[in-house]
Structure formats: structure tokens, C-alpha cells
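Indexing begins at 1, ligand by ligand and atom by atom, following the structure's order. This is a predicted model, so every value here is computed, not measured.
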Amino acid sequence: MLTSPLVLLASLCAGLVQAQPTLEDLYVDNAPSSPRPYVIPHYANSHAVTVESQLYRFTVTGPSSGYTFTLMSTNAPGSGSLGVLPHIHRKHYENFFAFKGRFQLWAQKGESEQQARLLTQGDYGSVPRNTTHTFQILDPDTEMIGVISPGGFEDLFYAFGTNYSSDTGTIYVPKASTGSSSPSGSIMSKLQKFDVYAQNDFEPRRDLVNGTAPVDNSEWHTGSNELGAPGEPYFIANGYGEKYLNSEHGYQVIQPLVSPKQSQDTNHTISTISISRQTKNSPPSYTLSGAAAFEVLEGVLSIKIGDYPVATLNMGDVTFIPAHVPFTYYNEVSFTKVLYVSSGNNGVDQQLIKSGKSWNWITWPKN
Ligand SMILES: *[C@@H]1O[C@H](CO)[C@@H](O)[C@H](O)[C@H]1NC(C)=O
Ligand SMILES: *[C@@H]1O[C@H](CO)[C@@H](O)[C@H](O)[C@H]1NC(C)=O
Ligand SMILES: *[C@@H]1O[C@H](CO)[C@@H](O)[C@H](O)[C@H]1NC(C)=O
Ligand SMILES: *[C@@H]1O[C@H](CO)[C@@H](O)[C@H](O)[C@H]1NC(C)=O
């Protein structure tokens with residue numbers, strides 16, 4: 001780009017008054033106390049708390065997102081018992097995503113049949129409000145990602161968890177599970193002010209076959225999974241969901257996990273987006289009316305937010321972009337896949353889907 005001496009002079013003078021923000025300003029260890037752009041590296045402290053053997057990190061919080069959504073992760077060893085006693089949230093829509101490892105998830109809405117699934121890397125489970133649910137972590141190297149809308153649900157964990165910090169950055173504390181990672185029934189009954197309603201009569205079914213119960217019609221890792229009816233729980237196995245191909249700037253394959261139809265009242269969307277190497281056209285700039293976050297699942301994401309220098313995010317890193325702040329993202333490696341969360345119904349994922357086409361593959365065309 002040609003820069004005239006006058007422009008150069010003007011920006012130099014501006015620089016004397018206000019220093020350009022640096023990457024160090026963008027990178028934080030804990031989600032900030034009010035919305036601003038930031039990047040949190042994978043396994044940073046992120047307001048971590050422990051609940052028995054489970055280590056929770058909160059990469060987007062109520063305060064950091066203007067109370068639009070919470071983004072969190074749970075690392076824990078496998079356990080022989082439930083990770084939490086069965087319960088309902090009346091106001092919060094909870095979303096479970098397997099970053100790595102294995103966990104089991106149960107969900108039941110009203111009198112509908114109880115559903116259970118075994119989630120492995122990239123699988124997703126949707127728990128809308130008033131759905132009884134619980135989970136159990138199964139493998140030694142498991143990380144669950146949680147998206148909860150609206151934001152602020154982490155207050156529950158601050159209330160009954162133990163604040164955690166580590167000099168070594170260990171991903172969880174290596175000690176055997178005591179059997180129950182769950183607060184006791186008496187504590188659970190005190191949690192209604194945090195929107196947790198214990199469901200003590202819920203008996204988690206154990207009759208899973210090939211990762212699912214019931215077996216009939218569930219198509220778990222065997223066929224396509226549709227997004228559910230509004231208010232109903234549903235599950236999408238990695239790559240088996242609806243997909244769209246967008247060809248505007250390199251290729252992008254979008255797999256929606258929550259679309260505006262499912263989250264009418266909680267007002268968020270979630271998708272995975274797989275991005276080809278982008279070399280030819282300069283990528284577009286987005287300025288959204290809602291907050292957004294990216295968590296890298298594979299590859300390397302480059303992102304320029306506002307006046308900050310370009311940040312390059314690796315697997316597990318999270319970036320948060322407040323509403324009305326311009327940003328541009330692109331990919332310089334072969335295959336980058338992100339989990340994308342957006343407040344409102346017109347985030348990057350919905351825009352890419354609108355100008356894309358229905359597509360059957362997790363990857364893009366050869367040419
Ligand atoms: C735990 O951390 C939170 C913020 O991360 C803080 O508000 C709270 O005071 C801490 N609690 C204790 C007991 O240190
Ligand atoms: C959830 O259940 C509570 C209590 O039954 C009810 O008041 C509320 O309207 C329900 N919310 C939704 C979104 O169904
Ligand atoms: C479980 O998976 C195996 C291997 O694909 C298959 O042969 C078997 O029929 C499945 N069982 C049920 C109950 O679907
Ligand atoms: C949904 O979110 C968008 C973006 O944050 C916001 O502009 C809009 O007012 C919200 N709608 C509702 C009904 O809350």
C-alpha cells in the first residue's frame with residue numbers, strides 16, 4: 001500500500017499522543033471485568049476454580065461479555081460417577097462440546113424419553129432451558145467446552161468451587177477422584193438463586209449401545225443429525241450436522257450447532273467453521289451488532305481486532321470481540337477449524353450460511 005508522507009506524518013503525531021495498542025494489551029490471563037477485545041491462551045488461569053477433581057476455566061464471563069454468554073472449559077480425569085447431580089436451569093441455555101477425550105451427557109425434557117449420548121472430540125449436546133441434565137467424564141485427557149447463554153452463570157462455580165492457581169500450568173490437579181465431583185444434595189438445594197434446580201428423581205439410564213440410548217432413530221455417528229425443535233434437547237456428532245459451503249474468501253465449511261431458531265429467547269448462535277488457506281483475496285472486515293468469540297479447535301487462526309496487531313491463535317486459544325468492534329480473521333495454514341459463538345442472530349456464521357450453499361462434506365472442493 002502507498003502511504004503519502006502527509007499520512008505518515010499524521011499517524012506519527014497521533015502515535016505521540018496515543019500509543020498503538022500492542023499484542024501484550026490484547027493477551028490476558030483472566031477474562032476482563034467489562035467488555036473489551038482480548039485473547040486468552042489455552043489453559044491460562046481464566047478465573048479457574050476446582051470442584052473436586054474438575055478444573056473449570058472461564059474464558060468469557062458475564063462481565064467480560066456484557067452478560068450475553070459465558071464460555072468455559074472443564075478439564076478432569078475420568079470418573080466412575082456423575083460430574084454433577086441431575087438438575088435444571090430455568091433461565092440458562094447450556095451447550096456442551098467435546099474439545100477432546102470422552103464424556104457422557106444425559107438430557108430429558110418434561111415427559112419425553114430420556115436421551116443419553118457418549119460424546120467424543122467435536123461432538124455437541126444441546127440443553128435448552130428446563131431440560132434435566134447431567135454428565136460424566138470418562139477419559140483421562142478430557143476437556144468439555146461449555147457455552148451458557150445468557151452470561152454470568154460462572155457465579156455458581158465461584159460460590160461453591162475453590163479458586164485455583166498453578167505455577168506449573170498443569171491442566172488439572174493430578175489426584176484421584178473422590179467418587180463424587182458433585183456438590184451434596186443439601187448444597188444443591190441452596191443453589192436456586194444461581195438458577196440450579198436439583199432433580200433428585202432423575203435416574204440416568206445406563207443402557208447405551210454404540211454411544212447412544214435410546215438406540216432407535218438416534219443416528220449417533222451413523223447418519224445425519226438435525227438441529228432440534230426449539231426448547232428440545234438434541235445432539236450433533238462431529239461432521240454429521242447440517243453443513244454449508246461459503247466460497248467468498250477461500251472456502252469455509254460452516255456446521256451450525258445452534259441457529260436463531262433454536263435460541264429464539266436466549267439470542268445466541270454457535271457453529272463450527274472450517275477455513276481453507278486464504279491467500280488470494282483480502283478477507284472481509286466484520287462489525288457485528290452482538291459480541292462474538294472464537295475458540296480454535298484445530299490449526300491456527302489469524303485475527304486482527306480494531307487497532308490491535310494481528311494475533312495468531314493456536315488450538316484452545318479463545319478470542320472475544322465486543323459488539324461494534326471491527327475485526328478480520330483469516331487462515332494461513334492448510335486447515336483451521338474454530339468453535340464460533342455469537343450473541344444475536346446475525347453473526348459471522350449466519351452471514352456465511354446466507355451467502356453459502358448447502359454442502360455434504362466436512363471439507364471443501366479440490367479446486
Ligand atoms: C475467587 O476468585 C474470584 C474472581 O475470580 C473472586 O471474586 C473471589 O473473591 C475469589 N474468592 C476467594 C475466596 O479468594
Ligand atoms: C421453565 O419452568 C419454569 C417453572 O416451571 C417456568 O416458570 C418457565 O416458564 C419455564 N421456562 C421455559 C423457557 O420453558
Ligand atoms: C453397534 O455397532 C455395531 C458396529 O457398527 C453394529 O454391528 C451393531 O449392530 C450396532 N448395534 C446396534 C444395537 O445398533
Ligand atoms: C439479541 O442480540 C443482539 C446482539 O447482541 C441485540 O442487538 C438484540 O437486541 C438482542 N435481541 C433480544 C431480543 O434480546
For this session: Report yes if some N/O of N130 lies less than 3.5 Å from some N/O of ligand 2; otherwise report no.
Result: yes
Exercise. Do you see a protein non-hydrogen atom under 4.0 Å from atom 2 (O) of ligand 2?
Worked result: yes
Exercise. What atoms of ligand 1 come closer than 4.0 angstrom to any heavy atom of N163?
Worked result: 1 (C), 2 (O), 3 (C), 8 (C), 10 (C), 11 (N), 12 (C), 14 (O)
For this session: Indicate yes or no: does K100 engage D141 in a salt bridge with an N to O separation below 4.0 Å.
Result: yes
For this session: Please report the C-alpha distance between F194 and H92 in whole Å, then the side-chain angles of each, then the deciding distance to 0.1 Å, and finally whether the ring pair (Phe, Tyr, Trp, His ring centres under 6.0 Å) criterion is met.
Result: CA-CA 10 Å; F194 297 104; H92 292 87; over 10 Å; no
For this session: Please check if Y93 and F235 belong to a single hydrophobic cluster, counting links between Ile, Leu, Val, Met, Phe, Trp and Tyr side chain heavy atoms closer than 4.5 Å.
Result: no
For this session: Output yes when a protein non-hydrogen atom is found under 4.0 Å of atom 11 (N) of ligand 1, and no otherwise.
Result: yes
Problem set entry | Heavy atom of A323, distance to ligand 4 below 4.0 Å | no
For this session: Could you label the plane-to-plane angle of the F153 and H89 rings as parallel, tilted or perpendicular, counting under 30° as parallel and over 60° as perpendicular?
Result: perpendicular
Problem set entry | Contact check: H47 vs ligand 1, nitrogen or oxygen atoms, below 3.5 angstrom | yes
For this session: Please identify which atoms of ligand 4 are closer than 4.0 Å to at least one heavy atom of S289.
Result: 4 (C), 5 (O)
For this session: Output the list of atoms in ligand 4 that are nearer than 4.0 Å to some heavy atom of G290, sorted by atom number.
Result: 4 (C), 5 (O)
Exercise. Protein heavy-atom contact under 4.0 Å for atom 14 (O) of ligand 2?
Worked result: yes
Problem set entry | Member of V127, T131, L82 meeting the side-chain contact (heavy atoms from CB on, under 4.5 Å) criterion with W106 | L82
Exercise. Any protein heavy atom under 4.0 Å from atom 7 (O) of ligand 1?
Worked result: no
Exercise. Is the shortest side-chain N to carboxylate O distance from R205 to E113 below 4.0 Å?
Worked result: yes
Problem set entry | Side chains of Y56 and Q54, donor plus acceptor under 3.5 Å | yes
For this session: Compute the shortest N/O to N/O distance between N267 and ligand 4 and return yes if it is under 3.5 Å, no if not.
Result: yes
For this session: Using only heavy-atom distances, determine whether the side chains of Y164 and T162 contain a donor-acceptor pair under 3.5 Å.
Result: no
For this session: With ring pair (Phe, Tyr, Trp, His ring centres under 6.0 Å) as the test, would you mind laying out the steps for Y124 and F97 before giving the verdict?
Result: CA-CA 5 Å; Y124 166 81; F97 185 87; 7.2 Å; no
For this session: Mark up the atoms of ligand 2 that fall under 4.0 Å of a heavy atom belonging to R129, in ascending order.
Result: 13 (C)
Seminar exercise, completed: Nearest non-hydrogen protein atom to atom 5 (O) of ligand 4, with distance, is S343 OG, 3.0 Å
